[in-house]
Number of protein chains: 2
Amino acid sequence: MFSQTVEYALRAIVHLADNSPNPCTTEQIAKATKVPQAYLSKVLQSLRQSNVVHSQRGIGGGISLIKTPDELNLLEVVNAVDPIQRIKSCPLGLKGHGANLCPLHRKLDEAMRVTEHAFSETTLAEILASSTSSYPLCNEPEDRLTILGEPSKPPVK
Amino acid sequence: MFSQTVEYALRAIVHLADNSPNPCTTEQIAKATKVPQAYLSKVLQSLRQSNVVHSQRGIGGGISLIKTPDELNLLEVVNAVDPIQRIKSCPLGLKGHGANLCPLHRKLDEAMRVTEHAFSETTLAEILASSTSSYPLCNEPEDRLTILGEPSKPPVK
DNA sequence: GCAATAATAGACATCAATATCCAATTATAG
DNA sequence: CTATAATTGGATATTGATGTCTATTATTGC
C-alpha cells in the first residue's frame with residue numbers, strides 16, 4: 001500500500017531522529033537502515049527539497065533533521081517523497097460529479113483521509129519513545145549503542 | 001495510495017453490482033467505467049480467478065458477480081487484484097524482531113489494518129445505496145437509466 | 001455446420017518506480 | 001593550497017505496472 005520509497009524515507013528519518021540533532025552521512029544511514037546507498041541519496045534529496053532535512057557537504061557533514069523529532073510527523077516525511085493523493089474530484093471526469101464524489105470514491109478518499117490523519121498525528125519522537133520489545137531499526141539494545149557510538153569509526157573532531 | 005488496477009476493478013464491480021444479477025460484457029463495462037477495454041479484460045480475469053466474478057462466453061454471455069451485492073465487500077475485490085500486504089515480520093530482516101514489529105512498522109501496519117477493516121465492512125450494496133447527490137459511475141440519474149436499459153442496443157433474447 | 005458473439009491467452013509496447021554508477025561540486029581539515 | 005570527505009546531478013539499467021493487439025476458444029442462434 002505504501003511504496004518502497006516511503007519505507008526507505010521513513011527508515012532514514014527514524015535513524016536521523018535517533019541521532020538528532022547530529023548529522024549522519026548517507027553511508028551510515030544506508031548501513032543502519034539496510035537501504036541501497038545510491039538510491040537512498042535520491043530519497044534524501046527529495047527530503048531536502050521538501051525542507052525535511054538539511055544537508056552539509058564536506059568533512060563532518062551529512063544529513064540532519066530540520067525540525068526536532070517531536071515537531072516532525074510521519075505525514076511530512078511521506079508527503080515529501082510520495083504524497084498521499086486525496087481524491088478531490090471525480091476520477092472519471094463526470095461533469096455532474098465534480099467535487100461531489102460518488103459513494104465509491106468517497107470511501108476510497110475516506111480511507112486515505114484516515115491514513116493521512118494517523119500519520120499527521122504521529123511524531124518521530126513518539127515513534128522513538130514507543131515502549132515495545134523491538135527498538136526501531138535495531139536488532140538488540142546493544143546494536144543501538146553500537147550504531148550510536150560508532151566505535152569502529154570515531155567521529156571526526 | 002491505491003493502484004490504478006484497484007480503481008479499475010472497483011469501478012467494474014460497482015457496475016456489475018448495479019446490474020446484478022445480470023451479466024455485462026467487457027465492452028459494456030469498459031464504456032460505462034471509462035477503463036481501457038483490453039486492460040479491463042485482464043483485471044476481470046484476476047477477479048474471476050479469485051472467484052469474485054463468473055464469466056460466460058458466447059452470445060448472451062459476459063461477466064457477472066458470484067455473490068450478491070450485499071454479500072460482497074470491497075476488501076474481497078481489492079485483494080483479488082492487488083492484495084493489501086500487511087507487515088507480518090520485520091522488513092529489515094532483523095532477527096531480534098521477527099514477528100515483533102518495531103514502532104515504525106507497527107504504525108505502518110496499523111494504517112493498513114484500519115484500511116483493510118474499513119473495506120471489509122463495506123458491501124457493494126452499501127455503496128449503491130449510499131444517499132448522495134452523485135450516483136456511482138454516472139453523470140446524471142438519466143445516464144443511469146440509459147446505461148441500465150441500453151436502449152441503443154437492446155439485450156439479446 | 002456456419003456465422004456471430006464474447007471471453008481467453010499470449011505476445012508485445014510503454015511508462016514509471018526502483019536501482020546503480022560515475023563525474024562534478026562543495027566544504028572542511030591541515 | 002591540497003587532500004579528503006561528502007553531497008549533488010546526470011546517465012543508464014532493471015523491473016513491474018499499465019496498456020495494446022491478435023489469434024484462439026467457447027457459446028448461441030440459424
Side-chain angles (χ1 to χ4, degrees), chain A residues 1-12 16 19 22-31 33-64 66 78 80-83 85 91 150 153-157, chain B residues 1-12 16 19 22-31 33-50 52-66 78 80-83 85 91 150 153-157:
Chain A
M1 199 165 94
F2 305 110
S3 71
Q4 196 65 25
T5 304
V6 162
E7 164 79 26
Y8 290 166
L10 287 171
R11 284 190 207 172
L16 284 168
N19 288 39
N22 298 320
C24 303
T25 68
T26 302
E27 185 184 6
Q28 189 210 341
I29 301 170
K31 280 180 181 159
T33 60
K34 298 195 177 178
V35 174
Q37 177 168 350
Y39 191 65
L40 176 64
S41 74
K42 303 288 184 193
V43 177
L44 291 173
Q45 275 181 51
S46 295
L47 291 168
R48 181 181 57 80
Q49 283 160 15
S50 301
N51 289 311
V52 172
V53 301
H54 166 80
S55 67
Q56 176 71 37
R57 301 198 204 196
I59 298 174
I63 312 288
S64 51
I66 288 184
V78 171
V81 295
D82 194 358
Q85 300 277 4
E150 284 289 320
K153 191 179 180 184
V156 180
K157 172 151 191 209
Chain B
M1 201 165 93
F2 305 111
S3 72
Q4 198 64 23
T5 304
V6 162
E7 164 78 25
Y8 290 166
L10 288 171
R11 284 190 207 173
L16 285 168
N19 288 39
N22 298 320
C24 304
T25 68
T26 302
E27 186 184 5
Q28 191 210 341
I29 301 170
K31 281 179 182 161
T33 60
K34 299 196 177 178
V35 175
Q37 176 168 350
Y39 190 66
L40 176 63
S41 74
K42 304 282 186 192
V43 176
L44 291 172
Q45 275 181 53
S46 296
L47 290 168
R48 183 180 57 79
Q49 283 159 14
S50 301
V52 173
V53 301
H54 167 79
S55 68
Q56 177 72 36
R57 298 197 205 196
I59 298 174
I63 311 288
S64 51
L65 293 187
I66 288 184
V78 171
V81 295
D82 194 358
Q85 301 276 5
E150 283 290 320
K153 192 179 179 183
V156 181
K157 172 153 188 215

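Here is the naming used below: chain letters follow the sequence lines, and residue numbers restart at 1 for every chain.
- In this structure, Q37(A) reaches neither bases nor backbone, as no heavy-atom distance under 4.0 Å exists between it and the strands shown.
- Within the 4.0 Å cut-off from OP1 or OP2 of dT18(D), at least one side-chain nitrogen or oxygen of T5(B) is found.
- The only member of D82(B), V78(B), V81(B) that meets side chain to side chain contact (heavy atoms under 4.5 Å, CB included) when paired with S3(B) is D82(B).
- Listed pair Q56(A) / dT28(C) meets the phosphate criterion, a side-chain N or O lying under 4.0 Å from OP1 or OP2.
- Both Q45(A) and G61(A) lie near DNA chain D, and the one whose nearest nucleotide falls closer to the 5' end is G61(A).
- One finds a side-chain N or O of S55(B) lying less than 4.0 angstrom from the OP1 or OP2 phosphate oxygen of dT8(C).
- Between dA6(C) and T26(B), no contact under 4.0 Å exists linking OP1 or OP2 to a side-chain N or O.
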Going through the distances and angles, do L44(A) and I29(A) end up as a side chain to side chain contact (heavy atoms under 4.5 Å, CB included)?
-> CA-CA 10 Å; L44(A) 291 173; I29(A) 301 170; 4.2 Å; yes

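- Between Y8(A) and dA19(C) there is a side-chain N or O to OP1 or OP2 distance below 4.0 Å.
- Interface remark: the R57(A) side chain does not form any donor-acceptor pair with the dT26(C) base, using a distance-only criterion of under 3.5 Å.
- Closest to the S3(B) side chain, of the nucleotides dT18(D), dT20(C), dG19(D), is dT18(D).
- Each of dA7(C), dT18(C), dA6(D) was ranked by its minimum atom distance to the side chain of Q4(A); first place goes to dT18(C).
- In this structure, the nucleotide among dA6(D), dC21(D), dG9(D) sitting nearest to the side chain of A38(B) is dC21(D).
- You'll find that the side chain of K42(B) is closest to dA11(C), out of dT18(C), dT8(C), dA11(C).
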